[in-house]
Amino acid sequence: MDGVPGHDGDVFAERRAKLAAWRKTGTAYPTKYQPRDEIGPLRAAYERLEAGGEAPDVHRVAGRLMAKRIHGKVSFLVVKDMSGELQLFCALDALGKDRYAALEHLDLGDHIGAEGTMMRTRRGELSLRITSWQLLSKSLRPLPEKFHGLTDVELRYRKRYLDLIINDESREVFVKRAAIIKSIRDFLDGRGFVEVETPVLQPLYGGAMARPFVTHHNELKRDLYLRIATELYLKRCIIGGIDRVYEIGKDFRNEGVSYKHNPEFTMLETYEAYVDYNHVMTMVEEMVGAAARAVGSLTVDFRGHEIDLTPPWPRTTMRAAILEKSGIDIGADDARTVADLQARIKDAGLVDKVPLAPTWGTQVDELFSETVEPHLIQPVFITEHPLETSPFAKKCPHDPRFVERFEGFIAGMETSNAFSELNDPDDQRARFLQHVSDFAAGDETAHQLDEDFLEAMEYGMPPTGGMGMGIDRLVMILTGVPSIRDVILFPALRS
RNA sequence: GGGCCGUUAGCUUAGCUGGUAGAGCAGGGGACUCUUAAUCCCAAGGUCGAAGGUUCGAAUCCUUCACGGCCCA
């Protein structure tokens with residue numbers, strides 16, 4: 001390619017002009033570059049080459065042009081593929097006048113392929129001494145600045161592809177995310193769990209307390225909800241005899257956005273027949289430990305805390321945790337009603353901190369959220385939640401105001417939630433009916449009566465331990481990034 | 001929803017109590033046979049997030065809005 005004239009300082013026009021010149025040669029966007037070596041393995045194979053050393057074998061690499069250092073008769077390019085970067089040593093002698101001159105008109109961001117032999121420069125940089133090269137794809141827009149990179153947080157989210165091109169740490173998070181999910185699959189598959197897919201579009205939403213997204217099916221002439229949980233379908237699988245079942249998929253909750261909330265997020269739910277929530281607790285700490293080891297160590301840094309995920313994790317009842325942090329015993333005789341509990345909150349001087357709630361269970365939840373949750377930095381299982389806020393969990397035999405439930409907290413975030421699943425259809429119906437009246441009283445997150453689910457349960461559901469885990473939050477913790485937007489490739493943003 | 005902070009060239013940014021925007025990288029032209037944030041010389045590139053307002057004069061002060069970040073609810 002000859003030199004492209006251009007002097008108006010317009011980067012886009014310059015690149016357009018170069019592309020036009022390439023199109024004339026018919027080689028601006030070829031279909032392939034094969035065979036080629038991945039840069040990472042190639043580097044590894046020649047790692048021991050000494051400075052000034054040369055190797056005879058011919059290799060071909062392809063990637064995006066990330067740096068360009070043009071000199072008079074010898075120039076240096078840096079190309080990058082997913083596995084790493086490699087310097088191309090480009091000498092006038094080896095390329096010939098025209099192909100050497102054409103290098104000058106490449107732009108950072110172009111994809112190129114190059115062929116040559118491996119060498120290490122006198123200054124010690126492993127390089128490919130190239131004998132030929134070709135343009136694989138022309139880039140029309142300039143990349144972010146090479147030294148500072150792309151730091152604007154908003155741009156990183158809106159144009160994630162640029163973030164991925166420039167910020168290796170960012171790409172690394174998503175590679176680790178895949179490894180974490182794979183380790184979870186391996187863990188569950190190894191225990192004989194069956195992975196299934198259940199409906200995203202549901203006629204009734206349930207399995208969690210959250211407001212849904214609503215959509216409409218034109219042909220069926222009915223509204224459908226995007227699922228807020230997979231729970232009720234996975235239990236149908238348990239009833240159907242898939243004794244160990246799980247699903248990893250997107251749930252959708254029509255709620256606010258924060259460092260730990262995105263309206264669509266990835267949830268793992270597992271159900272195992274014939275076990276209770278104690279069994280599930282052990283499974284969770286082992287599974288998280290396996291995931292942590294898959295991408296690093298059992299000790300992670302998150303939001304300024306060093307967190308040790310080594311199992312086993314402490315287990316403490318919600319009653320004991322609240323007593324310790326607030327001095328209030330929610331199980332005591334003088335705290336058995338909402339009014340009594342609120343009086344105890346007042347006695348404890350917490351009335352400004354803890355919002356008032358309509359029921360005993362929701363009041364306990366508020367008290368817990370305010371006084372205990374922020375302190376749960378190291379992994380811990382909080383067990384035995386109030387009945388009212390846990391409509392799918394079995395009552396504790398020793399105190400029916402509480403249920404056989406746990407939440408796993410890490411770094412102040414709820415990352416797992418599990419029950420000894422309620423399998424008594426009459427009790428389940430009673431719980432639904434309570435929620436129906438709560439809904440009527442204005443609680444949009446209360447459950448609706450799911451007659452079809454009740455019918456399934458009436459055929460007999462085995463005793464079951466079930467669990468839900470927020471994958472995005474787990475990835476945050478295991479990769480040490482502070483915001484859920486850093487573990488979701490294309491997070492929700494205003495337009 | 002509330003508080004604080006931010007938005008200046010493709011990217012990273014400077015710009016004091018208001019005086020008409022300065023740089024680095026990227027891009028253009030030139031020099032250079034081992035550079036690696038290459039270096040050196042030359043030239044170019046900006047409706048300062050948007051809309052109003054105050055003023056002789058606004059990137060700068062005021063108001064509203066948009067988007068984002070952090071914290072709080």
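The analysis underlying the following values was restricted to heavy atoms, covering all of them including side chains, and did not include hydrogens, waters or symmetry mates. So you know, we letter chains A, B, ... as the sequences are listed, proteins then strands, and number each from 1.
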* Would you say A:Arg494 reaches B:rG68's phosphate, i.e. side-chain N/O to OP1/OP2 under 4.0 Å? -> yes
* Asked: Rounded to the nearest 0.5 Å, how far does CD of A:Glu373 lie from CE of A:Met413?
  -> 10.5 Å
* Asked: From the list B:rG27, B:rU12, B:rU36, which nucleotide is the closest neighbour of the side chain of A:Thr121?
  -> B:rU36
* Pick the P atom in B:rC25 and in B:rU36, then give their distance to the nearest Å. => 14 Å
* Asked: For B:rA31, what is the paired nucleotide under Watson-Crick or G-U wobble rules, both distances under 3.5 Å?
  -> B:rU39
* Just call it for A:Leu155: base, sugar-phosphate, or nothing, with non-hydrogen atoms closer than 4.0 Å on any strand. => sugar-phosphate
* Asked: Under 4.0 Å between a side-chain N/O of A:Arg158 and OP1 or OP2 of B:rU7, yes or no?
  -> no
* To do: With P as the reference atom in both, quote the distance from B:rC41 to B:rC5 in angstrom, rounded to an integer.
  => 41 Å
* **Atom-pair distance (CD on A:Glu54; P on B:rC34), nearest Å** => 15 Å
* Asked: For B:rA21, which nucleotide is its Watson-Crick or G-U wobble mate, given both distances must be under 3.5 Å?
  -> none
* Which nucleotide in the list B:rG10, B:rG27, B:rC34 gets nearest to the side chain of A:Leu108? -> B:rG27
* **Complement of B:rU55, any strand, by Watson-Crick or G-U distances under 3.5 angstrom** => none
* Near A:Arg16 CZ, under 6.0 Å, is it more than 12 heavy atoms from other residues, nucleotides or ligands? -> no
* Considering only NZ, NE, NH1 and NH2 on the basic side and carboxylate oxygens on the acidic side, decide whether A:Glu384 and A:Arg401 come within less than 4.0 Å. => no
* Upstream residue (5' side of RNA chain B) when A:Pro355 and A:Gly72 are each assigned their closest nucleotide -> A:Gly72
* Under 4.0 Å between any heavy atoms, over every strand shown, what does A:Leu493 touch: base, sugar-phosphate, or nothing? Just pick one. => sugar-phosphate
* To do: Identify whether any heavy atom of A:Gly149 sits under 4.0 Å from a base atom; if not, whether one sits that close to sugar-phosphate; answer base, sugar-phosphate or nothing.
  => sugar-phosphate
* Spacing of the C1' atoms in B:rG1 and B:rC61 (rounded, Å) -> 28 Å
* Asked: Distance between the P atoms of B:rA26 and B:rU47, in whole angstroms?
  -> 22 Å
* **Spatial distance of atom CG (A:Leu162) from atom OH (A:Tyr157) [nearest 0.5 Å]** => 15.0 Å
* Asked: What interatomic distance, in whole Å, is found between C1' of B:rA50 and the corresponding atom of B:rA58?
  -> 16 Å
* In whole angstrom, what separates A:Arg64's CZ from B:rA26's P? -> 17 Å
* Let me know the distance between NE2 of A:His105 and C1' of B:rG28, rounded to the nearest Å. => 10 Å
* To do: Describe the nucleic acid contact of A:Thr151 in one word from base, sugar-phosphate, nothing, applying a heavy-atom distance below 4.0 Å.
  => sugar-phosphate
* Asked: Quick one: A:Phe12 CZ to B:rA44 C1', roughly how many Å, whole number?
  -> 15 Å
* Which value, in whole Å, describes the distance between the P atoms of nucleotides B:rA51 and B:rA66? -> 15 Å
* On a whole-Å scale, what distance lies between the C1' atoms belonging to B:rC11 and B:rC16? -> 27 Å
* Is A:Arg171 paired with A:Glu169 through a side-chain N to carboxylate O contact shorter than 4.0 Å? -> no
* Pairing partner of B:rU7 (Watson-Crick or G-U wobble, both distances under 3.5 Å) -> B:rA66
* Any strand: nucleotide that pairs with B:rU47 via Watson-Crick or wobble, under 3.5 Å -> none
* Consider the side chain of A:Asp152, meaning its heavy atoms from C-beta on, and name the nucleotide among B:rU12, B:rA26, B:rG68 that approaches it most closely. => B:rU12
* Asked: Under 4.0 Å between a Lys/Arg side-chain N and an Asp/Glu carboxylate O for A:Lys68 and A:Asp107?
  -> no
* Touch class at under 4.0 angstrom, heavy-atom based, for A:Asp93 against every strand present -> base
* Got a second to check how far A:Lys80's NZ is from A:Leu86's CG, nearest 0.5 Å? -> 13.5 Å
* Rounded distance in Å - CD (A:Glu145) to P (B:rU8) -> 15 Å
* Who pairs with B:rA14 - Watson-Crick or G-U, where each distance is under 3.5 Å -> none
* Asked: For the pair made of NZ in A:Lys353 and P in B:rA73, what is the distance, rounded to whole Å?
  -> 9 Å
* Asked: Around A:Glu50, counting heavy atoms of other residues, nucleotides and ligands shown, do more than 12 lie under 6.0 Å from its CD?
  -> no
* To do: Could you tell me whether the phosphate oxygens of B:rG28, OP1 or OP2, come under 4.0 Å of any side-chain nitrogen or oxygen in A:Lys18?
  => yes
* Between A:Lys68 and B:rG27, is there a side-chain N or O to OP1/OP2 distance below 4.0 Å? -> yes
* Structure fact -> Closest to the 5' end of RNA chain B, once A:Ala67 and A:Arg15 are matched to their nearest nucleotides, is A:Arg15
* Structure fact -> Of the listed B:rC67, B:rC11, B:rC34, the closest approach to the A:Arg122 side chain comes from B:rC34
* To the nearest angstrom, how far is A:Asp486 atom CG from B:rG69 atom C1'? -> 12 Å
* What nucleic acid atoms does A:Phe89 come within less than 4.0 Å of, heavy atoms only: base, sugar-phosphate, or nothing? -> base
* In whole Å, what is the span from the CZ atom of A:Phe147 to the C1' atom of B:rC11? -> 14 Å
* Expressed as a whole number of Å, how far does the P atom of B:rA43 sit from that of B:rG19? -> 27 Å
